[in-house]
Asker: 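Mind having a look at this structure? Questions to follow.
Each chain gets a letter, A, B and so on, in the order its sequence line appears, and its residues count up from 1.
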Amino acid sequence: MTDKDPDPRYQRIWDVIARIPPGRVMAYGQVARLAGLPGRARLAARALRVAPDELALPWFRVLGAGGRISLPEGSEGAAEQRRRLEAEGVRFERDRVIAEAWGGAADDLDALLWGP
DNA sequence: AACTTGACTAATC
DNA sequence: CGATTAGCCAAGT
């Protein structure tokens with residue numbers, strides 16, 4: 001076939017994001033690292049942006065470094081992201097997610113991805 | 001092929 | 001805290 005195969009890097013990133021437990025959050029860099037792409041935080045962001053809606057990924061559980069929403073403040077997406085996270089019990093401190101929400105997620109994913 | 005852009009990050013000031 | 005700089009690399013122009 002002449003078609004390009006789907007980029008396996010994106011597949012891995014989508015897989016990681018899809019497994020983030022409710023009520024928890026992860027940073028782009030962390031997602032990239034668990035996807036086997038250390039240092040490619042921007043690729044994780046791009047993958048999320050181009051992700052098909054059919055995957056129904058929990059995009060709102062992915063934040064920038066330090067638990068901050070990366071979408072432009074005042075944008076529709078930023079408001080929705082915060083609303084969805086708070087609906088799952090994730091608490092905020094000004095524009096930043098409380099540290100508790102983001103512990104554990106890596107451990108759980110580590111178990112799900114590498115050792116079930 | 002050269003240049004710009006970006007849902008990033010860490011370090012500095 | 002916020003602003004700046006620099007590193008990074010894939011995709012868009």
Asker: Between atom CD1 in Ile69(A) and atom C1' in dG6(B), what is the gap in whole Å?
Answerer: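 Taking atom C1' of dG6(B) as the reference, CD1 of Ile69(A) is at 18 Å.
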Asker: Counting only side-chain heavy atoms from C-beta out, which of dA7(B), dT9(B), dA10(C) sits nearest to Ala65(A)?
Answerer: dT9(B)
Asker: Touch check for Ala78(A), heavy atoms < 4.0 angstrom, all strands: base, sugar-phosphate only, or nothing?
Answerer: nothing
Asker: What is the distance from CD of Glu73(A) to C1' of dG2(C), rounded to the nearest Å?
Answerer: 13 Å
Asker: Under 3.5 Å, side chain of Gln81(A) to main-chain N/O of Phe60(A), donor-acceptor pair present?
Answerer: yes
Asker: Within the structure, does a side-chain N or O atom of Arg40(A) lie under 4.0 Å from either OP1 or OP2 of dC9(C)?
Answerer: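 Yes, because at least one side-chain N or O of Arg40(A) sits under 4.0 Å from OP1 or OP2 of dC9(C).
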Asker: Of the nucleotides dA10(C), dT9(B), dA7(B), which has the atom closest to the Trp59(A) side chain?
Answerer: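 Within the option list, the nearest is dA7(B).
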Asker: Is the phosphate of dC1(C), meaning OP1 or OP2, less than 4.0 Å from a side-chain N or O of Arg94(A)?
Answerer: yes
Asker: Consider the side chain of Arg68(A), meaning its heavy atoms from C-beta on, and name the nucleotide among dG2(C), dG6(B), dC8(B) that approaches it most closely.
Answerer: dG2(C)
Asker: What is the distance from CZ of Arg33(A) to P of dT9(B), rounded to the nearest Å?
Answerer: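 Value for this atom pair: 12 Å.
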Asker: Quick check for you: among dT9(B), dA10(C), dC1(C), whose closest atom lies nearest to any side-chain atom of Arg96(A)?
Answerer: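 Per side-chain heavy atoms of Arg96(A), the pick is dC1(C).
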Asker: To check you understand the geometry: which heavy-atom pair defines the closest contact between Tyr28(A) and Ala44(A), and what is its length?
Answerer: O-CB, 3.8 Å
Asker: In this structure, how many angstroms lie between the P atom of dG12(C) and the CG atom of Asp7(A), rounded?
Answerer: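 Distance check: Asp7(A) CG to dG12(C) P gives 12 Å.
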Asker: Roughly how far apart, to the nearest Å, are dG7(C) and dG6(B) at atom C1'?
Answerer: 14 Å
Asker: Assign Gly39(A) to base, sugar-phosphate, or nothing according to its heavy-atom contacts below 4.0 angstrom with the strands shown.
Answerer: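 No contact.
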Asker: Give me each pair satisfying side-chain hydrogen bond (donor to acceptor under 3.5 Å, both in side chains) with a member in residues 71-80 of chain A, each pair once, sequence neighbours excluded.
Answerer: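 Qualifying pairs: Glu80(A)-Arg84(A).
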Asker: Tell me the interatomic distance from Arg46(A), atom CZ, to dT9(B), atom P, rounded to whole angstroms.
Answerer: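 So the CZ-P distance, Arg46(A) to dT9(B), works out to 14 Å.
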Asker: Between atom CD1 in Ile13(A) and atom C1' in dA10(C), what is the gap in whole Å?
Answerer: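 That distance rounds to 11 Å.
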Asker: Can you identify which nucleotide, out of dG2(C), dA11(C), dA7(B), has its nearest atom closest to the Arg49(A) side chain?
Answerer: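 Taking heavy atoms from C-beta onward, the closest nucleotide is dA7(B).
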Asker: Looking at Tyr10(A), does any N or O in its side chain come under 4.0 Å of the phosphate oxygens OP1/OP2 on dA11(C)?
Answerer: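 Answer is yes, contact under 4.0 Å.
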Asker: State whether Glu88(A) and Arg24(A) are salt-bridged, where the test is any N-O pair (Lys NZ or Arg NE/NH1/NH2 against Asp/Glu carboxylate O) under 4.0 Å.
Answerer: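 Salt bridge flag = no for Arg24(A) with Glu88(A).
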Asker: Which listed nucleotide (dA10(C), dA7(B), dC8(B)) is nearest to the side chain of Ala41(A)?
Answerer: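 Among dA10(C), dA7(B), dC8(B), the one nearest the side chain of Ala41(A) is dC8(B).
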Asker: Quick one: does Leu37(A)'s side chain get under 4.5 Å of Ile13(A)'s, heavy atoms only?
Answerer: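 Yes, their side chains come closer than 4.5 Å.
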Asker: To the nearest Å, give me how far apart CG (Leu57(A)) and C1' (dA7(B)) are.
Answerer: 13 Å
Asker: Taking atom C1' of dC8(C) as reference, at what distance in whole Å does atom CG of Leu37(A) sit?
Answerer: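 Rounding to the nearest Å, CG of Leu37(A) and C1' of dC8(C) are 13 Å apart.
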Asker: Taking Trp14(A) for the side chain and Leu57(A) for the main chain, is one N or O donor matched with an acceptor at less than 3.5 Å?
Answerer: no
Asker: Return the nearest nucleotide to the side chain of Arg42(A); candidates are dG6(B), dC1(C), dG2(C).
Answerer: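 Among the listed nucleotides, the one closest to the side chain of Arg42(A) is dG6(B).
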Asker: When all nucleic acid strands are considered with a 4.0 Å heavy-atom cut-off, which category describes Leu43(A): base, sugar-phosphate, or nothing?
Answerer: sugar-phosphate
